[in-house]
Amino acid sequence: LTKFGTEEKKMLKLSWSIKLNIQVLLLQFYSKIVFCFPFRFNYRSTHHLTSNGFYEFLNWFDERAWYPLGRIVGGTVYPGLMVTAGLIHYVLNLLHITVHIRDVCVFLAPVFSGLTSISTFLLTRELWNQGAGLLAACFIAIVPGYISRSVAGSFDNEGIAIFALQFTYYLWVKSVKTGSVFWAIGCCLSYFYMVSAWGGYVFIINLIPLHVFVLLLMQRFSRRVYIAYSTFYIIGLVLSMQIPFVGFQPIRTSEHMAAAGVFVLLQVYAFLQYLKDRLTRQEFQTLFFLGVALAAGVVFLSVIYLTYTGTNKLKCYAKIHIPIIASVSEHQPTTWVSFFFDLHILVCTFPAGLWFCIKNINDERVFVALYAISAVYFAGVMVRLMLTLTPVVCMLSAVAFSCVFEHYLGDDMKRQSPPAEDSRLGPNIKSIVTMLMLMLLMMFAVHCTWVTSNAYSSPSVVLASYNHDGSRNILDDFREAYYWLRQNTDEHARVMSWWDYGYQIAGMANRTTLVDNNTWNNSHIALVGKAMSSNETAAYEIMRSLDVDYVLIIFGGVIGYSGDDINKFLWMVRIAEGEHPRDIRESDYFTPQGEFRVDKAGSPTLLNCLMYKMSYYRFGEMQLDFRTPPGFDRTRNAEIGNKDIKLKHLEEAFTSEHWLVRIYKVKKLENRDRTSSL
Amino acid sequence: MKGNEYEGMTLLSEKVAQLMEWTSRRSVIRMNGDKFRRFVKAPPRNYSMIIMFTALQPHRQCGVCRQADEEFQALANSWRYSSAFTNKVFFALVDFDEGSDVFQMLNMNSAPTFLHFPAKGRPRRADTYELQVRGFGAEQLARWVADRTDVMIRVIRPPNYAGPLLLGLLLAVIGGLAYLRRHNLEFLFSKNVWAFSALCFALIMTSGQMWNHIRGPPYAHKNPSTGQISYIHGSSQAQFVAETHMCYAAVTLGMVLLCEAATSPLDIGKRRIMCVAGIGLVMLFFSWLLSIFRAKYHGYPYRSVTP
């Protein structure tokens, strides 16, 4: 297999270019927009960085978000992504290749995913052999679980974080194998990059100590492990504390304590080994070692248990008392269909790869086995963490396929030790197996292409629907509304909307928002929720106190869009009820039978609340087609109950083409109090 | 105590003292028609009564009443032993068989029902607890009570010792086994054992068992109109327990067999059988998996391995 020299490089280049091609092709269709909600914020921060410089960025206080509180961006964000994009932009402009920062942001993710394939190749080659490495690189280039975060235009932390993760792991495995300080320092630098890029660095700082601990338990302690981990821990700790957002957490929070515990344990163990070499009382020493290992194990387990119950309590508490966390769909557990959808054949073959790894165990394969087990547990619990499972699934499936190919593909006679005449499987069987494997791989590639084109390639800002004749109908209401806001409102106008749209309004319309996707202040969000769910007069009080000029809502009743604000309304009520239980009660918005209805049978509180009035203003006069009565809501499939809506304190400012986005202006106070008689 | 003895106790303080005495014996006071009229309906009254109307007799066969009764008892106990206990709120219970006249008087025809009788004025619509909407959990009841009476009750349930006890038992069994086999701990070092357990764990997690654990779906669904049992949930957002059992284990086994067939030192006949078995498993079960996937993701265009 060593003749793969130049061919391997060609294959790598091929996998990288395949990836880039798929993603750029998808992008050409929708033109270069940076889409999806959290990415607007990252782009805005990067823009701020390139316009104002690095120190301005670190000290940035954003007064245009979370009005009137503002947000300290410099201290509450992971700067890795913005700094990477800014650096690339700076270097390119230095070489007089003029690119706009927006183009850098859009194309950053595919470039880094190519780098991820390369680092996966390196890591798998260290673990198994080159053949497996090539397969792993090809798998990760097209697997849907990773493509969702690395399409062009997806400018989010995970795009660069997975590359940093794989590269750090590669350097760690290399440093354990060679025991040289050079590789360990490289690992630390890569870890520093990972800490600056993503909050998921906690995974690394727990997995590597776990690996060292298990090696100790398996009596595989060696000088190499000692050198690698000691260097990594100290320098990695100091480097990780340089990021302002991380600060002193590595020496205070329980998630980092395991690393410290293992470090201490390792020192003690090494010291005992040193003593053992110099003393002759062997049996006493082994007993002593056992006792110490047991004590340390107990300490380690108790730390894990404390962490587990700490976060477990937090999870249960959070679910009941902070409905925001419960309402994000990415925090739900994973069905088996999601696994299969994202990973296809790889999820079936990855346990087989795990089996082979453990059967032929050595230091680095212990690492990948631990990585696999922990990643599969977390992915089972939260859909969002499927992303951390994808690299290890690719690696282990590559190992499994490589095993099969190795035995069934080559010609037996050319091996170093050809097996005896009668103990060979016939060439027929071998070719059948080879054909089967190739067919499986082909099906995988086809599945990935289908998934990518259907599920992960439409920017959520622009909606597409298909007509009866199959032609595509593009609904560009969001952008239409944001540009209206941008061009027709005062520059310092404040826009109130639900937090999902905060980043988009701040990015595309360039207006001050009240709440956005960062969701760091629950009471502020509850206040907005209370305004949306109260009647118009009470809501007007709240809006006056918050200095709101415009209110923006999403309404899907005309086209049947199911992600609109009326469908999210119950979450607004729940969050508001959490903070204002006396004023808002969720049961008020249901009928006496316990149903949520928008038609005549709906609860009067619901039919008179601000969100209802704003969504259905003038909708009662609109007849969509001759079969349904006027005011028929296509999303809820019901005729609305309150058709004659009059707004007292708001006036309609803008409604987009398909009524998807509706903007209302908040009227100022009357000059003269009408109710007082003179 | 007979009915006519109550007629003397019209003074408010005597009523309250009597209620306190009953509460000290049992957190939830059992009432019949007479007691109800004297203590809940008749003035003077400066205390609130939270009353559960239920039917606990076995021949009534009301399972919900029994479950609600447990929760109500937990709530009343928490109240009685809490530091904020006052004589302003009392918990009581009226059983249908003991106080059917009360049910008639209040026009009540369903059980269980929770009513709040405020100290002043008539009970309003919000003084009836909405059982359908909120359920009968003690925490929800406590919130409703707090809403109506301004009294915060923290529900404390007696600690459940079953969990830690079981864990202790398990550890003891493991410790005993380890001690017995302490000279022969070879199985701990066996790679097969570790590899197999890791494989099982990975298969368990990826087949969606955590989703089952958290959401608690049914095993299968029986369509009430056609009587047909479906083991596969129609949409891709949910799953039944039956689905998670028919998963990738077979395909994985097939791959493992294929590799083992090539390398293991058994004789050639067995190896051929292993190989063929591996091929068969992979092909068959993967196509089955694809067809189930198709059933859930409508619009998925690809069929089994053999198109």
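What you are looking at is a predicted structure, and each value in this text was computed from that prediction instead of being measured. Residue numbers start from 1 in every chain, and the chains themselves are labelled A, B, ... in the order their sequence lines are given, proteins ahead of strands. Values reported hereafter were calculated over all heavy atoms of this structure, with side chains retained and with hydrogens, waters and symmetry mates removed.
A search for salt bridge (charged side-chain N to carboxylate O under 4.0 Å, His left out) contacts involving A:E586 returns A:R574, not counting sequence neighbours.
Using a 4.5 Å heavy-atom threshold, the side chains of A:W336 and B:I292 count as touching. Side-chain contact check for A:L354 versus B:F201: every heavy-atom pair is 4.5 Å or farther apart. Between A:I358 and B:F196, every side-chain heavy-atom pair lies at or beyond the 4.5 Å cut-off. Using a 4.5 Å cut-off on side-chain heavy atoms (C-beta onward), A:H344 and B:F286 make contact. The shortest distance between side-chain heavy atoms of A:I373 and B:M205 does not fall below 4.5 Å.
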Fill in: Worked check of side-chain contact (heavy atoms from CB on, under 4.5 Å) between A:F340 and B:L290
CA-CA 9 Å; A:F340 194 76; B:L290 271 180; 4.0 Å; yes

Practice prompt. Begin with the C-alpha distance, continue with both residues' side-chain angles, and end with the deciding distance and a verdict on side-chain contact (heavy atoms from CB on, under 4.5 Å) for B:T206 and A:F350.
Written response: CA-CA 10 Å; B:T206 53; A:F350 127 85; 4.2 Å; yes

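Taking each heavy atom of A:A352 and B:L199 in turn, the nearest pair found is N-CD1, 4.2 Å. Smallest separation of non-hydrogen atoms from A:R582 and B:D150: NH2-OD1, 3.9 Å.
Taking a 6.0 Å sphere around CZ of B:R154, one finds it holds 12 or fewer heavy atoms contributed by other residues, nucleotides or ligands. Environment of CZ in A:R585: crowded, with over 12 heavy atoms of neighbouring residues, nucleotides or ligands closer than 6.0 Å.
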Pairs of donor and acceptor atoms involving the side chains of residues 274-285 of chain B, under 3.5 Å and at least two apart or interchain, shall be tabulated with distances.
none

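Neither the backbone nor the side chain of A:M218 comes within less than 4.5 Å of any heavy atom in chain B. If you measure heavy-atom distances from A:L343 to chain B, you find no contacts under 4.5 Å at all.
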